[in-house]
Participant: 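Handing you a structure now.
In what follows, chains are A, B, ... by sequence order, proteins preceding strands, each numbered from 1. Heavy-atom basis, side chains included; hydrogens, waters and symmetry copies ignored.
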There are 2 protein chains.
Amino acid sequence: MVNKGSKKTKQAINREILESRILRSAEIIFAEKGFSGASMERIAERANISKQNLIYYFANKDLLYKRVLQETLGAWIDKLQLLELSEADPETSIRHYVKAKMQLSRDYPYGSKVFAHEIIGGAPVLRPYLVSDLKPQFERDIKVVNSWINKGFINKIDPAYFFFMIWATTQSYADFSTQMEILMGQSQLQEESYSRAERAVTELILHALGASKK
Amino acid sequence: MVNKGSKKTKQAINREILESRILRSAEIIFAEKGFSGASMERIAERANISKQNLIYYFANKDLLYKRVLQETLGAWIDKLQLLELSEADPETSIRHYVKAKMQLSRDYPYGSKVFAHEIIGGAPVLRPYLVSDLKPQFERDIKVVNSWINKGFINKIDPAYFFFMIWATTQSYADFSTQMEILMGQSQLQEESYSRAERAVTELILHALGASKK
DNA sequence: TTATATTTTTACCAGTTGGTAAACAAAACA
DNA sequence: TGTTTTGTTTACCAACTGGTAAAAATATAA
């Protein structure tokens, strides 16, 4: 009882910490094994608690999975809505957009992988969110790019293909990192290598659109 | 006994037909549910045989999974080795390369998805093949692209990023078809829509490289 | 301190699943 | 035709897994 104010009790704080520790563990296990391959036992193990204790915080696996997906999608939408494509300046807009997407791949590699598994599997859980959240945003962005085309700022190509290319390219740095590491002979994509990739991808995309000033 | 020659018995023929029917079923189920989520029961069901009968043809699930991956990777390598990037003519080479990759996405969407699940999950099974088969091919192709750069035919960018972009973009038409269908409001990517995508992707990539003659 | 709410542990189970063993059926061979 | 090889079905099970029930422990409030 009580505690109507804003002060958080020790319990509430610990709860938050533990919940986010669980979510991070779940993210990694789901990314590695997919929904079915991830066991509650292993997720709990990774979070250093018992399986039953995990179930105390997240009543069932579906719920935990949804939370992981929501957190990822939330982070993406937050970051990408901020930058609002500007009608006036394609190059700057695209630079920011690509940079933000690349940073998301770097900062949330596991969430990205869980998302990828989900979509590849037909989006059984995420479909409603894609329709209600992503689609409207997508349609707004399409309009902006169309205005660029009409003003002759960039090449004349259906904007949908343009976005698909950006998404695929940037997300592949999270989703297919394993393949990249094997091919480039690195144990992991280091910080420096990541910013080099960011620059390369940005230039490739600017050229693809014909938005580069050079 | 006997049958040292090349004539195939009815049994052998039926066996081949049934095995490929099983592999097609397995491909679809693995694509949809991932390795762990795919049950032998459901794969058998889809192939219209009993689970035990399935096990008669493929002794265990790991073996079946490996076969599905091998068939896909085999088809890819077959198609892509054929086209051998030509040192002389970047534009034609790239057009063929992109076209081949897009056709693979269209013709083997399920295999592509199984492959994606596998890589995203850390390539536990495919890693050796990536090292022994894909990496050497990759390194040969890198050299060709480098020669283009040195001759000033295309923009100066690390070829690795270039290939990652092509792969990500083309494969996304198989792997993320669900997302694309939701965003473009289509029940499936139709034939016509696919060839439009092929043209768009080709132009985007040619521009990205600065290999377009226009 | 005592009562209450929260958290953790212990014990357990029903459903699913990959796989084995063996009986049974059908085709190919001699 | 009888025999052997190949293919299919039936019966079954051990291991794993998500989840329930409830007891035990710990922290918070009065």
Participant: Nearest whole Å is fine: how far is C:dT17 P from B:Gln52 CD?
Facilitator: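 So the two atoms are 13 Å apart, to the nearest Å.
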Participant: Calculate the interatomic distance between B:Leu54 atom CG and C:dG18 atom P; express it in whole Å.
Facilitator: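 After rounding, the gap between these two atoms is 10 Å.
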Participant: B:Tyr173 vs A:Tyr161 aromatic rings, parallel, tilted or perpendicular, using cut-offs 30° and 60°?
Facilitator: tilted
Participant: Check side-chain hydrogen bond (donor to acceptor under 3.5 Å, both in side chains) between A:Gln52 and all other residues, then give those that pass, not counting sequence neighbours.
Facilitator: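 Result, side-chain hydrogen bond (donor to acceptor under 3.5 Å, both in side chains) vs A:Gln52: none returned.
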Participant: Which value, rounded to the nearest 0.5 Å, describes the distance between B:Ile28 atom CD1 and B:Tyr110 atom OH?
Facilitator: 5.0 Å
Participant: Specify the separation, in whole Å, of atom CG of A:Asn53 and atom P of C:dA11.
Facilitator: 16 Å
Participant: Just the rounded figure in Å: distance from P of D:dG7 to CD1 of B:Ile17.
Facilitator: 13 Å
Participant: Tell me which residues in residues 21-45 of chain A put a heavy atom below 4.0 Å from DNA chain C, sorted by number, or none.
Facilitator: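 Going residue by residue through residues 21-45 of chain A, none turns out to have a heavy atom under 4.0 Å of DNA chain C.
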Participant: Between B:Trp76 and B:Tyr108, is a ring pair (Phe, Tyr, Trp, His ring centres under 6.0 Å) present by the stated rule, with each step listed?
Facilitator: CA-CA 9 Å; B:Trp76 286 2; B:Tyr108 303 90; 8.4 Å; no
Participant: Looking at A:Tyr56, I'd like to know whether one of its side-chain N or O atoms comes within less than 4.0 Å of OP1 or OP2 on C:dT7.
Facilitator: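 Answer is yes, contact under 4.0 Å.
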Participant: For B:Tyr57 and D:dT6, is the shortest distance between a side-chain N/O and OP1 or OP2 below 4.0 Å?
Facilitator: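 No, B:Tyr57 has no side-chain N/O under 4.0 Å of OP1/OP2 on D:dT6.
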Participant: Which residues in residues 58-67 of chain A have at least one heavy atom lying under 4.0 Å from any atom of DNA chain D?
Facilitator: A:Asn60, A:Lys61
Participant: Answer yes if the side chains of A:Gln103 and A:Tyr194 hold a donor-acceptor pair under 3.5 Å, and no otherwise.
Facilitator: no
Participant: In whole angstrom, give the distance that lies between atom NZ of A:Lys51 and atom C1' of C:dT9.
Facilitator: 13 Å
Participant: Has A:Arg15 got a side-chain N or O lying under 4.0 Å from the OP1 or OP2 atom of C:dT6?
Facilitator: no
Participant: Please give, in whole Å, the distance from C:dA27 C1' to B:Asn14 CG?
Facilitator: 11 Å
Participant: Any chance NZ of A:Lys61 has more than 12 other-residue heavy atoms, nucleotides or ligands included, within less than 6.0 Å?
Facilitator: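 Yes, the 6.0 Å shell around NZ holds more than 12 heavy atoms from other groups.
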Participant: Run the ring-centre check on B:Trp167 versus A:Phe176 and record whether the distance is less than 6.0 Å.
Facilitator: no
Participant: Can the positive tip of A:Lys113 be found less than 6.0 Å from the middle of the six-membered ring of A:Phe30, inside 45° of the ring normal?
Facilitator: no
Participant: With a 4.0 Å cut-off on N to O distance, would you call A:Glu203 and A:Arg199 a salt bridge?
Facilitator: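 No, this pair does not count.
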Participant: Just N and O in the side chain of A:Ser50: are any of them under 4.0 Å from OP1 or OP2 of C:dT9?
Facilitator: yes
Participant: Starting from C1' on D:dT10, measure out to CD1 on B:Ile55 and report it in whole angstrom.
Facilitator: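 The distance from CD1 of B:Ile55 to C1' of D:dT10 comes to 13 Å, rounded to the nearest Å.
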